[in-house]
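Down below is the structure, laid out as structure tokens.
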2 protein chains.
Amino acid sequence: MKIEEISNKLIEKGLRVTPQRMAILEAIIKLNNHPTAENIIEYIRKNHPHISLATVYKVLDALVENSLIKKVKTEKDIMRYDALMESHHHIYCSDSDRIEDYQDNELNELLKKYFDKKEIPNFKIEDLKLHIIGRFLKTGKK
Amino acid sequence: MKIEEISNKLIEKGLRVTPQRMAILEAIIKLNNHPTAENIIEYIRKNHPHISLATVYKVLDALVENSLIKKVKTEKDIMRYDALMESHHHIYCSDSDRIEDYQDNELNELLKKYFDKKEIPNFKIEDLKLHIIGRFLKTGKK
DNA sequence: TATTAAAGGAGAATTATTCTTATTTGAAAA
DNA sequence: TTTTCAAATAAGAATAATTCTCCTTTAATA
Ligand SMILES: [Mn+2]
Ligand SMILES: [Mn+2]
Ligand SMILES: [Zn+2]
Ligand SMILES: [Zn+2]
């Protein structure tokens, strides 16, 4: 992803392009593995050592608010963020904090078809996210 | 659920039966809608006004540790708990904090069959939880 | 009833996040 | 280009959910 593509994302949403926003959005995209605010700050400080914690949190909120990133659900007291905006699923490792994306159109269609047929009374489905929980096998660990 | 059933759950796990544990486990079962620690304390204080916050958190941990309750994933900085231990899915309301259980064996079998066929490389699935996100319709609101 | 490891209570500490307020800055307008 | 100013950032204080520490109480066993 080029730097210009990142600033275009901000411009499209009517957000001012600032070095902080560029760095944070770039960090989430580059880090790629559902980083925490802490992970993002650590990454950014290499090139941008003076960024403020409060700015990071405010920028993250603004990016979520403007649909440039998403929050990831966890059962920990730490928020994680995701730059992949297409609706997708997650693989959760049950003995570490690793979270991987899982994109599978066949599954999406299977689910869509299922809930077209079997409606939930008084409920309008907007999104379906499967949490796939289990263990990564040690062979050839990523 | 009778009071004796609740103490039996504790005894089966080798946990000592204390009034605090009874009250907390009963609260989660009775409240039924994925309460927060705060919700639980508020409920319990009616009959048990002197329980300590620290105790509530410690008991919740012990109950999770011993598989008597589960943590519920949210994208908020507040933990929620669930007394329904069978593997099940959740309906998340996108404009409130409401979370409802969704139990559907047909869906479970569909998913199981799907992932028996389509394996994820180097990954052993232990559980599948669908997050159904959307809106409850106002008609006959619960 | 006595014993004792386990559990609870109280309040301080921690920590992720939010707030406040002064300062700076991106970008539109002149 | 310079001016303007709403919007954004920095810094540190505040907040709030949760955890910790340390002392007291108690459930279960003998
Ligand atoms: Mn918090
Ligand atoms: Mn917290
Ligand atoms: Zn993702
Ligand atoms: Zn549930």
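Remember, predicted model here, so these are calculated numbers, not experimental data. Both backbone and side-chain heavy atoms feed into the values below; hydrogens, waters and symmetry mates do not.
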What integer distance in Å separates [X]:[atom1] from [N]:[atom2]?
X      : N       : atom1 : atom2 : answer
R45(A) : dT9(D)  : CZ    : C1'   : 13 Å
L15(B) : dA7(C)  : CG    : P     : 7 Å
I51(B) : dG11(C) : CD1   : C1'   : 16 Å
N39(A) : dT15(C) : CG    : P     : 16 Å
L60(B) : dA7(C)  : CG    : P     : 15 Å
I41(A) : dT15(C) : CD1   : P     : 15 Å
Y81(B) : dA17(D) : OH    : P     : 12 Å
E38(A) : dT18(C) : CD    : P     : 14 Å

Less than 4.5 Å apart, any side-chain heavy atom of [X] and any of [Y]?
X       : Y       : result
Y81(B)  : L31(B)  : no
H90(B)  : E100(B) : no
D101(B) : N33(B)  : no

Nucleotide nearest [X] (side chain, heavy atoms from C-beta), chosen from [options]:
X      : options                   : value
S52(A) : dA16(C), dT18(D), dA11(D) : dA11(D)
Q20(B) : dG9(C), dT18(D), dA16(C)  : dG9(C)
R21(B) : dT9(D), dG8(C), dA11(D)   : dG8(C)

*5' priority, DNA chain D, between M79(B) and G14(A) [closest heavy atom]*: G14(A)

*Which comes earlier along DNA chain D counting from the 5' end, the contact point of V17(B) or that of R80(B), where each point is its nearest nucleotide?*
R80(B)

Could you pull out all donor-acceptor pairs under 3.5 Å where a side-chain atom in residues 56-76 of chain B meets a protein atom, sequence neighbours excluded?
from, atom 1, to, atom 2, distance (Å)
N66(B), ND2, A62(B), O, 2.8
K70(B), NZ, M85(B), O, 3.3
T74(B), OG1, K76(B), N, 3.1
T74(B), OG1, K76(B), O, 3.3
K76(B), NZ, D97(B), OD1, 2.9
K76(B), NZ, D97(B), OD2, 3.4

*Within the structure, does a side-chain N or O atom of Y57(B) lie under 4.0 Å from either OP1 or OP2 of dT19(D)?*
no

_Whether the side chain of H34(B) engages the backbone of R80(B) through a donor-acceptor N/O pair (distance < 3.5 Å, no angle test) should be reported._
no

*Kindly say whether K9(A) contributes a backbone atom to a donor-acceptor pair with the side chain of E12(A) at under 3.5 angstrom?*
no

*Can you name the one residue among H88(B), Q103(B), H89(B) that meets side chain to side chain donor-acceptor pair (under 3.5 Å) with N108(B)?*
H89(B)

Grab the N/O contacts between the protein and nucleotides 20-26 of chain D below 3.5 Å, and write none if there aren't any.
from, atom 1, to, atom 2, distance (Å)
dT26(D), O2, R16(B), NH2, 3.4

